[in-house]
Amino acid sequence: MSDAPPFDRVVNYLRSASLPGRRGLPITLDTEIHGDLGLYGDDLWELANWLHKEFRVAGAFPLTRYGPGEMPHLSILLRLKKLLGLKQVAYESLTVRSVLSVIEAGKWPT
């Protein structure tokens with residue numbers, strides 16, 4: 001565990017976990033984990049596991065509430081749905097601020 005403030009630790013983790021093309025984006029309290037940084041599926045699970053190990057966050061992580069599960073070629077599928085005018089799935093916002101609230105509470109909301 002580090003002595004750095006939780007915000008800095010979360011930002012460092014997210015920078016390393018986000019898509020290469022998005023790693024240079026500024027990360028603020030309002031940065032969306034899925035929408036802005038592109039984390040979904042296994043990447044979201046890894047975030048939840050990291051939060052459990054680093055900050056002892058307990059409880060079941062509701063992955064499908066915050067982003068899609070792991071699937072091959074997700075970006076192509078999403079673009080195709082948009083081109084065809086198909087309804088996009090709306091996910092609940094999971095921001096850096098939300099993650100810090102989870103750390104402070106010590107558990108995922110139910």
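Interatomic distance, Y40 OH to W45 CH2, rounded to the nearest 0.5 Å: 16.0 Å. To the nearest 0.5 Å, atom CG of residue D3 and atom CG of residue D8 are 12.0 Å apart. Here S18 contributes atom OG and H34 contributes atom NE2; the two are 13.5 Å apart, rounded to the nearest 0.5 Å. The structure places CD1 of I103 at 13.0 Å from CZ of R56, a figure rounded to the nearest 0.5 Å. Note that the CG atom of D42 and the CG atom of L63 stand 8.5 Å from one another [nearest 0.5 Å].
Counting only heavy atoms from C-beta outward, the side chains of F55 and R9 approach each other to under 4.5 Å. Side-chain contact between F61 and L44 is present, with heavy atoms from C-beta onward closer than 4.5 Å. Contact check for P6 versus E104: no side-chain heavy atoms found under the 4.5 Å cut-off.
Residues that satisfy the side-chain contact (heavy atoms from CB on, under 4.5 Å) test with I27, not counting sequence neighbours, are V11, L14, R15, T31, L37, V96. Applying the ring pair (Phe, Tyr, Trp, His ring centres under 6.0 Å) criterion to Y13, with sequence neighbours excluded, gives W50. Taking A105 as the reference, nothing meets the side-chain contact (heavy atoms from CB on, under 4.5 Å) condition, with sequence neighbours excluded.
Closest approach of L29 and L100 over heavy atoms only: CD2-CD1, 3.5 Å. In this structure, Y66 and P109 approach most closely via the heavy-atom pair OH-CG, 3.9 Å.
L25 and L47 end up in different hydrophobic clusters when Ile, Leu, Val, Met, Phe, Trp and Tyr side chains are linked at under 4.5 Å.
Among pairs with a residue in residues 91-100, those fulfilling side-chain hydrogen bond (donor to acceptor under 3.5 Å, both in side chains) read D30-R97, E32-S93, R65-E92, T95-S98, at least two apart in sequence or across chains.
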